[in-house]
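To start, the structure under review is shown below, and the notes come after it.
Side chains included, hydrogens not; waters and symmetry mates left out as well; all remaining heavy atoms used. This structure is a prediction, so every number in the text was calculated from the model and none was measured.
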Amino acid sequence: MSAKGLSGRPLFLVFEPTNHIYQVIEAADRRGFDTVVFHTIPILTAGPYGECSKAIAVSHNVGSWDDQDACLATVLELCAGRTVAGTYAAQEITLELEARVQEHFGLPTKGLRTIRELLDKVTVRRRLADAGLSALRVFDEAQANTLTEWPVGDRALFFKPVHGAGSAYVRRCTTLDEVRACAGRWRSDDKGAIPVLGPYLELGSFFLEEEATGELLSVEGFVVDGEYTALGLTSRTVLARDVSVEMGISYPYEHPRRADIVDFVTRVHAALGITHGATHVEVMVPPGDGPVEVVEVNLRFIGADALATMNAAYGTTLEDDLVALAIGERPRLGLRAERVASLHFLLPPRGLRRLDSFRLAADGLPFVKIIKPPGTELASTDRQIDWIAAYIVCGDTYEESFARAIDIRRRTLVNGEPLGDDPNNVVIGR
């Protein structure tokens, strides 16, 4: 790609851009910064985010994120003698480096110590338990390897990477044989071959976590000077045959227990010592008035194409607020959604080995993304990282947008055949 080059404006540093991060790059350029991008995967120049890459002033391929000291030295060398106004990262493998850069330049930050501690999902669970904010039992790899009987009664266990993202390798297990199969796959797979995510997965081991029951949703928000503000709730669409595989979201979601949920997530932030920046907290809300449980605490803005979904709902550019937050300003409050937006992801039919053709059964949608183009050989079809396409549908209500999205799912053609009721296409909404 041809970057614009530095103009003498203050720098805004971006680490490993994917998906919505490109919208942040464009917003930083609008704000009057030279955006400097550090990456290991190719810069996008096509698709829904392709135009955003034109806002990059300089891009630098760091090769890998393995040597954090070398990466930091590269950043500091490029920034020598320049004003650094802010940074942005939303890939877990880059969050520690971003915190080191923020601390070096005196920028708003969650802090390196906080990032290191809270990227460990077992640490998070145990700290929440100590604060009385979680009742779920966890078993680290050593404990899991010594289990001889099912330890959680009639509940399931979720197999999870300690350093995980994107629900990769997350599996719901109901027997020790299933746990052992997951562990065997974890040990034998070449995780490092997965771009960006693979090396991060390899930083840690796995653990088992007691299943929380209820309705899965997430709370999007941010912290400024230790004060947490919730933007809104996001509902989930999941695969019917395996609810650990997320297949979409809808925003905003008006849950009858919204006040309780936001209060709970506010206390979670306080217990974990999160003092600045965007967060994305997944929770499980049981029927009635039972206690809310944390599923995941993410030290970043919600991923995939959620920003495009929220922009479609608000009719605005929320990436401008992410830039404001990064440079120490308070984002806008009190945004009102004009409609409900539903983002849906598509998996290939179960067991498909090669994607020869794809035709989405709709035109004129606010957002469409091809994730795996025709001609792609498919190593697997059953994981969240196996998505082949995404699209956004809007409506005046959740029911309207969701119904339209389901109709598109069923009629979309893969290798000339409609997805219909393929097990990889039957989903459950909120």
Side-chain angles (χ1 to χ4, degrees), residues 87-90 92 95-96 98-100 102-103 106-138 160 162-165 207 209-210 212 214-234 252-253 255-286 289-303 306 318 321-322 324-335:
T87 69
Y88 193 82
E92 276 80 1
L95 294 182
E96 281 197 28
E98 184 194 30
R100 293 179 70 178
Q102 289 167 334
E103 290 184 351
L107 300 172
T109 181
K110 293 181 177 73
L112 179 59
R113 180 177 177 179
T114 297
I115 291 288
R116 282 179 172 167
E117 290 179 353
L118 301 187
L119 284 178
D120 184 312
K121 296 183 184 297
V122 174
T123 296
V124 170
R125 182 63 60 192
R126 288 175 174 164
R127 284 182 57 176
L128 291 176
D130 290 343
L133 294 171
S134 177
L136 299 182
R137 288 167 283 183
V138 294
K160 292 183 174 184
V162 171
H163 292 280
F207 71 106
E209 182 177 87
E210 183 179 6
E215 179 184 5
L216 177 65
L217 55 90
S218 62
V219 186
E220 322 313 332
F222 60 87
V223 185
V224 176
D225 295 330
E227 179 184 351
Y228 177 72
T229 298
L231 284 172
L233 310 185
T234 307
Y253 179 31
H255 194 282
R257 292 187 63 188
R258 186 186 193 281
D260 291 342
I261 296 166
V262 170
D263 175 70
F264 171 75
V265 172
T266 300
R267 287 184 284 125
V268 166
H269 281 76
L272 297 178
I274 302 171
T275 58
H276 182 82
T279 61
H280 161 59
V281 182
E282 299 182 14
V283 298
M284 194 70 76
V285 183
D289 58 357
V292 179
E293 265 289 359
V294 167
V295 175
E296 301 277 0
V297 176
N298 298 283
L299 306 175
R300 54 167 174 78
F301 190 71
I302 183 172
L318 200 58
D321 297 273
L322 294 177
L325 183 61
I327 65 175
E329 297 178 356
R330 184 176 290 275
R332 290 173 292 176
L333 301 176
L335 289 173

Would you check if there is a donor-acceptor pair between the side chains of [Y] and [X] at a distance under 3.5 Å?
X      : Y      : value
Arg300 : Thr279 : no
Gln102 : Thr87  : yes
Glu220 : Ser218 : yes

Heavy atoms only: give me the nearest Leu325-Val224 pair and the separation to one decimal.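 Residues Leu325 and Val224, closest heavy atoms: CD1-CG2, 3.6 Å.
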Looking at Leu112 and Glu96, what are the two nearest heavy atoms and their distance?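 Reported closest heavy-atom pair: CD1-O, 3.7 Å.
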Report yes if some heavy atom in the side chain of [X] is under 4.5 Å from a heavy atom in the side chain of [Y]; otherwise report no.
X      : Y      : answer
Tyr253 : Thr234 : no
Phe301 : His280 : no
Val285 : Ile261 : yes
Leu95  : Leu119 : yes

Give a yes or no on whether the backbone of Arg137 and the side-chain of Glu210 come within a donor-acceptor separation of less than 3.5 Å.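 Yes: the side chain of Glu210 pairs with the backbone of Arg137.
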Is it true that a side-chain atom of Asn298 and a backbone atom of Val281 form a donor plus acceptor pair closer than 3.5 Å? no
Should the pair [X]-[Y] be classified as a salt bridge under the 4.0 Å nitrogen-to-oxygen rule?
X      : Y      : answer
Arg126 : Asp130 : no
Arg127 : Glu117 : yes
Glu296 : Lys160 : yes
Glu293 : Arg125 : yes

Chi angles and distances behind the side chain to side chain contact (heavy atoms under 4.5 Å, CB included) call for Leu133, Arg267: CA-CA 8 Å; Leu133 294 171; Arg267 287 184 284 125; 3.2 Å; yes
Before giving the answer on side chain to side chain contact (heavy atoms under 4.5 Å, CB included), spell out for Arg257 and Phe264 the whole-Å C-alpha distance, their side-chain angles and the decisive distance to 0.1 Å. CA-CA 11 Å; Arg257 292 187 63 188; Phe264 171 75; over 6 Å; no
Could you state the interatomic distance from CG (Asp260) to CZ (Arg258), rounded to the nearest 0.5 Å?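 One finds 11.5 Å between CG of Asp260 and CZ of Arg258.
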Going by the side chain to side chain contact (heavy atoms under 4.5 Å, CB included) test, name the single residue among Val297, Val219, Ile274 that passes it with His269. Ile274
Does Asp225 form a side chain to side chain contact (heavy atoms under 4.5 Å, CB included) with His276? I'd like the steps, not just the answer. CA-CA 6 Å; Asp225 295 330; His276 182 82; 5.9 Å; no
Trace of the side chain to side chain contact (heavy atoms under 4.5 Å, CB included) decision for His255 with Glu215: CA-CA 10 Å; His255 194 282; Glu215 179 184 5; 3.1 Å; yes
Run the numbers on Lys110 and Glu98 for salt bridge (Lys or Arg N to Asp or Glu O under 4.0 Å), then give the verdict. CA-CA 10 Å; Lys110 293 181 177 73; Glu98 184 194 30; over 6 Å; no
